[in-house]
Amino acid sequence: MPASVAIVIPCFNHNEAVKTAIQSLHDLLIPPSQVVVIDDGSDVPVDVTSVSSGLNLTVVRTQNQGLAAARNEGLKRVSSDWVIFLDSDDVLHANALDMPSTLVSEVRADVLTSAFVLHQQGRQSTVFPLLGDPVAALLQCHIGPIHSFAFRTETLKKLGGFSTEEVLRKGHEDYDMMVRIALHEGRFLTQHIPVCTYEKLPGSMSTHQHNMCLTRLHVWLRFFMQLTQPSSQRLMHAVAFFARHYQDFAVSYPDSIPSVLQKLMVWRAETEVSAVEWAYCISSLPGKIIDVLGSASGPTGKSQPVIQEIFDWRAQPYTSAILLQRLSELAQYAGELECKRVAIWGANALAEQAIAVLQLSMSVTIIDSNRAGERLSGLSIVSPDDINFSGDWPILIAAHQAFSDIAAQLAAMNVETKRIF
């Protein structure tokens, strides 16, 4: 038997837009078991009779209480297996309720996240979730739009619905819900097909940057300080968030900075991470904070590179970001000295990206002791033993997980540090 899915649509003064959202429900290949529209005290009462025919639709008018309370009003009236929350200015695609059969017959999941189509400032792009640790994802960034997720109704009701605390009336009540599910060890699954469109409109809650910043930090702080199981992914995403939002912490939550630093230091002492990625993530922080975090050390060993995580569509792809930073520095060095050649140490996907850029202006040599004799992007790969490193031409280390070892090997060959990128 297919899973039953209800749709809850809160609406405040989007009386025409909500009709478009409801109209999209008529095109669903699998109809919703319920549709609950919560009129959250709109100035003009919501009237959707013109688009409600054929749907098991209920309109409930309440006093204005905010988005979280409106969603909770809808949740109270839902008896389905799953629930999707659709904002009044967004639409679902025809396949949105085509839930994977494994969710019904084999897997006990609490959240299903899917791809979505983003419309913003006249541009359109499709955002796909990637596999990974949802806790790490939530430490790195806010989630995608709420209607790209389907929630197990029972799970939300056990958690008491969305938080209605005053600070979250400004935004991120959905982020708060996701971290609460994660803290209660909820299970997240992905499907990699677009199920909805997300219109990021001027004047919407998500464009009120100051309010959104405050609520984002509020949710993140509570989440991070409750976590007890560090991993390399979680640590790197946490320090990246802290670095990216440090100035906001300093203005809005300065008293939290010492406790966040202390926890990051504790996690760093327990966790294997890439020294290169760690240095990159903290490089934008003030010098005194870099001194603290830069002095932190942890277990040695082979660590895994940080990757983008599940439903974390704004996550920093560190490997590429580090490469771009080094390419920029290398280009400045090569331009000043008018270098005509460059070496790339490490025959990998990052090297391929670098080749595409560097071979436009310089002769490129690929170095990799393990792949010598092979080819990459049409170029022969050579062993470092076959290279004369004298001169002033630069060397880009694409194998950044082994950056320190390769840099030390180059130093032993009397290669100046300024030539190593």
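Worth saying up front: this structure is predicted, and the values here are computed from it rather than measured. Start at 1 with the first residue, then count along the sequence.
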ring-ring contact (aromatic ring centres under 6.0 Å, His included) partners of [X], counting only residues at least two apart:
{"X": "Trp220", "result": "Phe224, Phe241, Phe249"}
{"X": "Tyr175", "result": "His142, His172"}
{"X": "Phe162", "result": "Phe85"}

Open item on the list: In the structure I gave you, are the side-chain heavy atoms of Leu75 and Thr153 within less than 4.5 Å of one another anywhere?
Closed with: yes
Atom pair [atom1] ([X]) and [atom2] ([Y]), whose distance is rounded to the nearest 0.5 Å:
{"X": "Leu214", "Y": "Leu168", "atom1": "CG", "atom2": "CG", "result": "11.0 Å"}
{"X": "Leu358", "Y": "Cys339", "atom1": "CG", "atom2": "SG", "result": "11.5 Å"}
{"X": "Ile395", "Y": "Thr365", "atom1": "CD1", "atom2": "OG1", "result": "10.5 Å"}

- [ ] Let me know which of Ile7, Asp27, Val195 forms a side chain to side chain contact (heavy atoms under 4.5 Å, CB included) with Leu92.
- [x] Ile7
Open item on the list: Using the rule side chain to side chain contact (heavy atoms under 4.5 Å, CB included), only one of Ile282, Ile289, Leu217 pairs with Phe242; which is it?
Closed with: Ile289
TODO: Sequence neighbours left out, what pairs pass side chain to side chain donor-acceptor pair (under 3.5 Å) with at least one residue falling in residues 261-271?
DONE: none
Task: Residue pairs, two or more places apart or on separate chains, that pass side chain to side chain donor-acceptor pair (under 3.5 Å) and touch residues 374-383 - done: Arg371-Glu374, Arg375-Ser380
Results of side-chain hydrogen bond (donor to acceptor under 3.5 Å, both in side chains) for [X] - residues two or more places apart only:
{"X": "Ser163", "value": "Glu165"}
{"X": "Gln191", "value": "Ser114"}
{"X": "Ser33", "value": "none"}
{"X": "Asp174", "value": "none"}

Name every donor-acceptor pair, under 3.5 Å, that has one atom in a side chain of residues 410-421 and the other anywhere in the protein, sequence neighbours excluded.
from, atom 1, to, atom 2, distance (Å)
Arg419, NE, Trp393, O, 2.8
Arg419, NH1, Phe389, O, 2.9
Arg419, NH1, Gly391, O, 3.0
Arg419, NH2, Phe389, O, 2.8
Arg419, NH2, Trp393, O, 3.1

TODO: Determine, stepwise, if the pair Thr197 / His93 fulfils side chain to side chain donor-acceptor pair (under 3.5 Å).
DONE: CA-CA 7 Å; Thr197 297; His93 295 179; 2.7 Å; yes
Task: Residues Ser79, Gln34; criterion side chain to side chain donor-acceptor pair (under 3.5 Å); working and verdict - done: CA-CA 8 Å; Ser79 57; Gln34 298 171 262; 3.3 Å; yes
TODO: Output all residues satisfying salt bridge (Lys or Arg N to Asp or Glu O under 4.0 Å) with Lys76, sequence neighbours left out; order by chain, then residue number.
DONE: Glu73
Open item on the list: Suppose we screen for salt bridge (Lys or Arg N to Asp or Glu O under 4.0 Å). Which residues come up paired with Glu185, at least two apart in sequence or across chains?
Closed with: none
TODO: Show your working on side-chain contact (heavy atoms from CB on, under 4.5 Å) between Phe151 and Ile146 and close with a plain yes or no.
DONE: CA-CA 10 Å; Phe151 298 92; Ile146 194 167; 4.0 Å; yes
